[in-house]
Protein chains: 2
Amino acid sequence: MTFSVAATTTAAVAPPPMPAPQTRGVETVTGRCAGCSARSKGLCGALTAGDLPNLSTTSRPLDLLSATPVVMEGEEAGAVFTVMSGMLKLYKTLPDGRQQITGFATAGDVIGLAVGTGYAYTAETVTASTVCRMPRTALRRLMERHPAVQGRLLAMTSVELSAAQDQILLLGCKTAVERVSSFLLALSRRSRPLADGTPSVFLPMPKVDIGAYLGLRPETLSRVLRKLEGAGAITRLTNDRIRIENPAALEAAA
Amino acid sequence: MTFSVAATTTAAVAPPPMPAPQTRGVETVTGRCAGCSARSKGLCGALTAGDLPNLSTTSRPLDLLSATPVVMEGEEAGAVFTVMSGMLKLYKTLPDGRQQITGFATAGDVIGLAVGTGYAYTAETVTASTVCRMPRTALRRLMERHPAVQGRLLAMTSVELSAAQDQILLLGCKTAVERVSSFLLALSRRSRPLADGTPSVFLPMPKVDIGAYLGLRPETLSRVLRKLEGAGAITRLTNDRIRIENPAALEAAA
DNA sequence: GGGTCCGGTTGATCCAGATCAGGGCGGGTC
DNA sequence: GACCCGCCCTGATCTGGATCAACCGGACCC
């Protein structure tokens with residue numbers, strides 16, 4: 001689960017990057033995947049340029065507003081999606097409505113991989129995002145033809161599993177301060193520092209979502225952030241950006 | 001993470017099933033893997049009988065007493081292990097000693113798959129167990145030669161990931177009663193019912209380990225079990241066996 | 001402008017589960 | 001037999017974070 005965020009908060013959707021899905025010859029179609037900014041990070045990084053035209057015929061980029069559902073827990077898993085830009089939240093819901101966010105997906109992440117026939121979680125955009133849709137059958141054929149794709153998928157799933165186990169440790173053992181500190185540190189490792197070189201994190205999602213990820217109420221999250229700020233570990237620049245003043249202090253708290 | 005337990009609690013180790021690791025010809029070596037009870041469930045189920053002799057030269061079964069560490073978090077991941085019988089606990093440790101059990105491994109489960117170079121968790125037997133050791137390099141060669149093995153590994157990792165996300169939901173949202181009920185139901189689905197047909201679960205691990213898996217103290221676990229018994233949902237037959245009297249009541253509580 | 005809504009923050013209070021403390025029991029050893 | 005030790009259970013008390021309630025400020029709409 002990566003966190004290298006680079007998205008607008010609640011902006012309108014940019015116009016589609018391609019003229020239209022009309023046939024314009026293989027050259028143009030190849031260009032769509034060849035120019036994909038998420039390709040090196042995502043599933044398709046395992047393919048060579050020569051394979052891309054074929055890929056372009058089965059995959060389609062989609063531009064989505066914020067708060068748009070992409071896959072729904074339990075629904076038949078007909079396709080997988082690669083995030084090209086923006087951010088999504090993945091969550092599971094209990095019958096009585098309680099929700100647990102299991103992760104946030106950003107550029108390069110693949111969502112919608114299912115064990116059985118149904119999606120294991122719901123995925124919904126938190127900012128305007130672009131995702132690339134690939135039918136499940138196309139993915140299966142791609143894996144059969146290119147074992148490297150399967151290897152890539154295995155590597156990505158293994159990383160996800162490891163992240164999930166870290167989250168189990170966080171939810172099972174850690175205190176509120178430790179959870180927030182761990183979260184901020186994990187984010188800061190994946191985001192670029194500010195112009196002056198100090199590390200910072202961008203939090204485009206609402207506080208209630210961060211809480212639902214960390215197993216905390218938004219009130220508790222707010223109090224912990226105040227405490228960390230009072231201790232000189234962080235500074236809240238705006239509502240959605242925090243500067244890490246003292247990584248060592250956060251490390252000690254996590 | 002499967003739970004179909006069938007193991008002695010703290011018994012002595014059975015004598016090695018094979019005469020000795022001396023060379024006795026391909027026939028016998030083939031026999032070792034061909035007769036492996038965990039083969040269909042484990043990684044090697046993706047192989048045909050003809051591939052087994054080669055497998056036997058790189059893999060070795062190991063008989064282990066209870067409370068024996070198999071892999072240690074952070075150590076270099078030189079091999080993977082398939083559980084043939086018994087039960088292991090997998091856990092992560094915080095610097096101050098707090099431990100979170102991320103899962104229990106039983107026959108067919110593969111442990112020790114690592115993303116980077118180091119194991120992500122510690123694995124330790126909770127009952128006397130038999131595991132099959134395969135060097136990492138041998139696994140890599142096996143995957144290169146047999147894409148089906150890689151597919152199997154991907155499927156197994158995906159199931160693990162899904163189970164980990166369920167555990168995140170449990171730890172992030174559920175109450176103590178809900179956690180224990182979910183746990184008992186998950187176990188009962190994977191174990192055989194008693195002779196009279198009522199479902200039951202076998203809990204060879206100490207209560208403190210179940211607590212460490214569910215994010216609860218053993219005192220709380222004890223109180224919850226008493227409560228469930230008082231409500232007529234379960235009966236404690238012995239210290240390590242519980243009969244599910246009313247699956248619907250557990251379902252409602254979970 | 002004024003109104004409403006929503007996300008965030010802060011304060012007061014509550015409670016589920018942790019912690020602390022004591023006791024029972026079965027297995028192992030001498 | 002007596003003793004010890006580990007595991008489990010139970011009761012009393014404590015507390016971290018949830019819950020309840022109120023307020024603030026910015027975005028949006030009329």
Side-chain angles (χ1 to χ4, degrees), chain A residues 8-12 65-67 89 94 96-101 126-128 170-183 203-230 234-242 253, chain B residues 8-12 65-67 89 94 96-100 126-127 170-183 203-230 234-242 253:
Chain A
T8 51
T9 304
T10 316
L65 291 168
S66 63
K89 61 175 174 180
L94 289 175
D96 66 356
R98 281 174 288 173
Q99 294 187 342
Q100 175 65 34
I101 293 183
V126 297
T127 68
L170 181 144
L171 293 170
C173 286
K174 294 189 184 180
T175 66
V177 170
E178 291 167 343
R179 292 180 198 198
V180 176
S181 301
S182 303
F183 176 68
L203 303 168
M205 66 294 266
K207 294 278 177 288
V208 66
D209 283 350
I210 299 176
Y213 178 61
L214 298 176
L216 301 172
R217 301 285 121 187
E219 296 96 323
T220 302
L221 178 61
S222 175
R223 284 184 249 269
V224 169
L225 289 175
R226 180 156 50 104
K227 191 174 190 175
L228 291 177
E229 190 164 24
I234 62 172
T235 302
R236 309 218 231 172
L237 302 176
T238 65
N239 188 37
D240 59 7
R241 180 161 297 276
I242 288 176
Chain B
T8 52
T9 305
T10 317
L65 291 169
S66 63
K89 61 176 175 180
L94 289 174
D96 67 356
R98 280 173 289 174
Q99 294 187 342
Q100 176 65 34
V126 297
T127 68
L170 181 144
L171 293 171
C173 287
K174 295 189 183 180
T175 66
V177 170
E178 291 166 343
R179 292 180 197 199
V180 176
S181 300
S182 302
F183 176 67
L203 304 167
M205 67 293 265
K207 295 276 176 291
V208 65
D209 282 350
I210 299 176
Y213 178 61
L214 298 177
L216 300 173
R217 299 287 122 185
E219 296 95 324
T220 302
L221 178 61
S222 175
R223 283 185 251 269
V224 169
L225 289 176
R226 180 155 51 105
K227 191 173 189 176
L228 290 177
E229 190 163 26
I234 63 171
T235 301
R236 308 217 230 172
L237 302 177
T238 64
N239 187 38
D240 61 5
R241 179 161 298 275
I242 288 176

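Sequence lines set the chain letters: A, B, ... in the order given, protein chains first and strands last, and positions in each chain run from 1. Side chains included, hydrogens not; waters and symmetry mates left out as well; all remaining heavy atoms used. Source: prediction; values computed, not measured.
- Distance R241(B) CZ to dC8(D) C1': 19 Å, rounded to the nearest Å.
- The E219(A) side chain lies nearest to dA21(D) when the options are dA21(D), dG11(D), dC8(D).
- Rounded to an integer number of Å, the gap from CG of D240(B) to P of dC9(D) is 11 Å.
- Mapping T175(A) and P218(B) onto DNA chain D by nearest heavy atom places P218(B) at the nucleotide closer to the 5' end.
- Looking at the side chain of T220(A), the nearest of the listed nucleotides dC20(C), dG7(C), dG17(D) is dG17(D).
- The listed nucleotides are dA18(C), dG8(C), dG11(D); the one nearest the side chain of R217(B) is dA18(C).
- In this structure the side chain of T127(B) never reaches within 4.5 angstrom of the side chain of M205(B), judged on heavy atoms.
- The side-chain heavy atoms of Q100(A) and L171(A), taken from C-beta on, include a pair separated by under 4.5 Å.
- Here the nucleotide nearest the side chain of S222(B), chosen from dT10(C), dT10(D), dG17(C), is dT10(D).
- Backbone-only contact: R236(B) has heavy atoms under 4.0 Å from sugar-phosphate atoms and none from a base.
- Nucleotide dA18(D) holds its P atom 13 Å from the CZ atom of R98(A), rounded to whole Å.
- Taking atom CZ of residue R226(B) and atom P of nucleotide dG17(C), one finds them 15 Å apart after rounding to whole Å.
- Using modelled atom types, one side-chain atom of S182(B) and one backbone atom of E178(B) make a donor-acceptor pair closer than 3.5 Å.
- Across the protein-nucleic acid pair, L170(A) atom CG and dG17(D) atom P stand 12 Å apart, rounded to whole Å.
- Across all strands, G215(B) comes closer than 4.0 Å only to sugar-phosphate atoms, never to a base (heavy-atom distances).
- A 4.5 Å side-chain heavy-atom check between V208(A) and P218(A) finds at least one atom pair inside the cut-off.
- Remark: P of dC7(D) and NZ of K207(B) are 12 Å apart, rounded to the nearest angstrom.
- With values rounded to the nearest 0.5 angstrom, T235(A) atom OG1 is found 11.5 Å from L225(A) atom CG.
- Per the geometry, NZ belonging to K227(B) stands 8 Å off P belonging to dG17(C), to the nearest Å.
- Between the base of dG11(D) and the side chain of R223(B) there is a donor-acceptor pair shorter than 3.5 Å.
- Residue L225(A) contributes atom CG, which lies 10 Å from atom P of dT10(C) at whole-angstrom precision.
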